[in-house]
Amino acid sequence: MPALEALARDHGTAPVTAAARAVLARLREAIASGLLDQPGLQLALGGLDNTIKENLRRALERSLRPVINATGVVLHTNLGRAPLAEAALEHIRETVGRFSNLEFDLESGVRGKRDTHVDRLFRSLLNDSTTARVATAASAVPPGRSLAEPSNSVSTIVVNNNAAAVLLALNTLADNGEVIVSRGELVEIGGSFRIPDVMTKSGATLREVGTTNRTRVADYECAINERTRLLLRVHRSNFEITGFTEQASTAELVTLARERGVPLMEDLGSGALVDLQDFGISGEPSVLDSLRAGVDIVTYSGDKLLGGPQAGLISGRADLVARMRANSLFRALRVDKLTYAALEATLLAYVKRDHDAIPTLKMMRLSKEEIAQRAESLAARFRTLKVQSEKVQSEKVQSESKSQSKLYIDVIDGESVIGGGAAPSSVLPTRLLALSCADLSADELSARLRASDPPIIARVEQGQVLLDLRTVFPDQDRLVAAALAGIAS
């Protein structure tokens, strides 16, 4: 069959053969079950080439696809959380597609350590305990050297996610010992990540103190004994406890830890490297806040508020971090060159104070007015495309009456959220595109958007489909308008 020979030349003999066998197997099954009469069989045989071609297309189609996030959830876990900066993508391309000095010291010519590529940048960002810092060009810093090297330095290591960071830290610092944590902080986040379960896997024993809504520093102090290895503070990143509540302050826990000679660790989860109050977000401490307060070890994610690749980051006292680096678990949990390349480029943007180069931060910084301008422009583009589509359609059918679109768009006030288990009570004011259709329910319209190319992911509220351009990249606005026009035509 000439058509199949052409497919085999383009895609290889093996996948074309597999597609043909799959189509023929279904055809034989339909014949055997009596579902096909003679005319139907002839029709199926006549379209056999196209059927095999479509089967091959589906088989070779990539499952992981880019989508347009129009939900207004900045860190949407189901949509991959933080999108990477362009500089991170470029650094991946230039270092991962070829050989690199991942674990090679170019100066000495001997084996090096992979974490030096980012530890130097973390030292620059986290070792400074003052609000003012001298900006230094990152390009002038030799690889493996830090921009700042105070005597009481902070060190950072990288593992594959924050759950791994917590596991490694607990296993290193508290194996066969007790870890004291408030009952109000025994959290579970998405994917069934539970602090008590991780504690068990680490070899440490959980010692709960206080109550769900009230835990005082005295509760921690009374629980300390000869088996205590660590005090643990877990940030409530995806929920809040309000009302009759009390929580020991970080300062109180730091003082207690110093007095009793026990390290204090904080699982921040989201892990911002900037002051989020500048973005209109309150109640979300930064990594630097915790370290400045005297917390010994901080664990956090790379692909949440930091805006980088998926990673678990452990920052804190250099002597404690060195113990974790020596733990055999570290090798099992370490990350590869793709993560280091993306993380290094992301951290360089922080060193340069180029926060708008990080998509997550730029999206959070967008004002309601900026989003409103884009929403109005997109709505106007949609109306133009709709009229053009209706004109073409009218000419095709030679109709005297022009068909009317059943899709309606309004621009309304709304709120964006951070997502990703970060700042659960914080919202960002925005303007939304509210869609409704006379012949489609909101769920049906949302499904039509997901069937677009690329798929558009919206949210449905009160019988309307809502699109929030805060999380849509500006160069995707035209794709959204075209998809809406296509649905309306």
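The first residue in the sequence is number 1, and the count goes up from there.
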Using the salt bridge (charged side-chain N to carboxylate O under 4.0 Å, His left out) rule, collect all pairs that involve [range], keeping only residues at least two apart or in two chains.
range: residues 82-95; value: Glu90-Arg93
range: residues 462-477; value: Arg374-Asp477
range: residues 160-181; value: Glu178-Arg207, Glu178-Arg227

Closest non-hydrogen atom pair, [X] against [Y]:
X: Val159; Y: Ala165; result: CG2-N, 3.5 Å
X: Ile281; Y: Leu428; result: CG1-CD2, 4.2 Å
X: Leu268; Y: Pro285; result: CD2-CG, 3.7 Å
X: Gly269; Y: Asn162; result: CA-ND2, 3.7 Å

Are side-chain heavy atoms of [X] and [Y] found at a separation under 4.5 Å?
X: Leu232; Y: Met199; result: yes
X: Leu56; Y: Pro15; result: yes
X: Leu256; Y: Ile224; result: yes
X: Leu125; Y: Val287; result: no
X: Val154; Y: Phe122; result: no
X: Leu168; Y: Ile157; result: yes
X: Arg431; Y: Glu376; result: yes
X: Ile297; Y: Pro263; result: no

Does any N or O in the side chain of [X] come within less than 3.5 Å of the main-chain N or O of [Y], such that one atom is a donor and the other an acceptor?
X: Asp296; Y: Leu264; result: yes
X: Arg258; Y: Gly294; result: yes
X: Asp119; Y: Thr156; result: yes
X: Tyr300; Y: Ser315; result: no
X: Ser452; Y: Leu449; result: yes
X: Asn161; Y: Ala163; result: yes
X: Gln310; Y: Asn160; result: yes
X: Asn171; Y: Leu167; result: no
X: Asp354; Y: Ala349; result: no
X: Arg114; Y: Leu102; result: no

Residues in side-chain contact (heavy atoms from CB on, under 4.5 Å) with [X], at least two apart?
X: Ala318; value: Ser153, Ser155
X: Leu79; value: Val67, Asn69, His76, Ile457
X: Val209; value: Ile180, Thr215, Asp219, Tyr220, Ala223
X: Pro309; value: Leu84, Thr339, Ala342, Leu343, Thr346

Check this for me: does any side-chain nitrogen of one of [X] and [Y] sit under 4.0 Å from a carboxylate oxygen of the other?
X: Asp115; Y: Arg334; value: no
X: Arg120; Y: Glu344; value: yes
X: Asp319; Y: Arg317; value: yes

Taking the inter-plane angle between the rings of His117 and Tyr340 on a 0 to 90° scale, is it parallel (under 30°), tilted (30 to 60°) or perpendicular (over 60°)?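 Perpendicular: the ring planes of His117 and Tyr340 meet at over 60°.
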
Could you work out, with salt bridge (charged side-chain N to carboxylate O under 4.0 Å, His left out) as the rule, every residue matching [X], not counting sequence neighbours?
X: Arg448; value: none
X: Asp453; value: Arg65
X: Asp356; value: Arg365
X: Arg331; value: none

Using a distance-only test with no angle check, is there a side-chain donor-acceptor pair under 3.5 angstrom linking Thr211 and Asn213?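 The criterion, which ignores hydrogens and geometry beyond distance, is satisfied for Asn213 and Thr211.
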
Under the side-chain hydrogen bond (donor to acceptor under 3.5 Å, both in side chains) test, which residues partner Glu221, sequence neighbours left out?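 For Glu221, no residue satisfies side-chain hydrogen bond (donor to acceptor under 3.5 Å, both in side chains) once neighbours in sequence are set aside.
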
Dump the intermediate steps for side chain to side chain donor-acceptor pair (under 3.5 Å) on Arg450 and Ser446, then the final yes or no. CA-CA 6 Å; Arg450 293 197 305 273; Ser446 180; 3.3 Å; yes

Count the heavy atoms of every other residue, nucleotide or ligand shown that sit under 6.0 Å from CZ of Arg57, and state whether that count exceeds 12.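 Check passes, neighbour count above 12.
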
I'd like to know whether CD of Glu61 has more than 12 heavy-atom contacts from other residues, nucleotides or ligands below 6.0 angstrom.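 Counting neighbours around CD of Glu61, more than 12 heavy atoms of other residues, nucleotides or ligands fall under 6.0 Å, so yes.
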
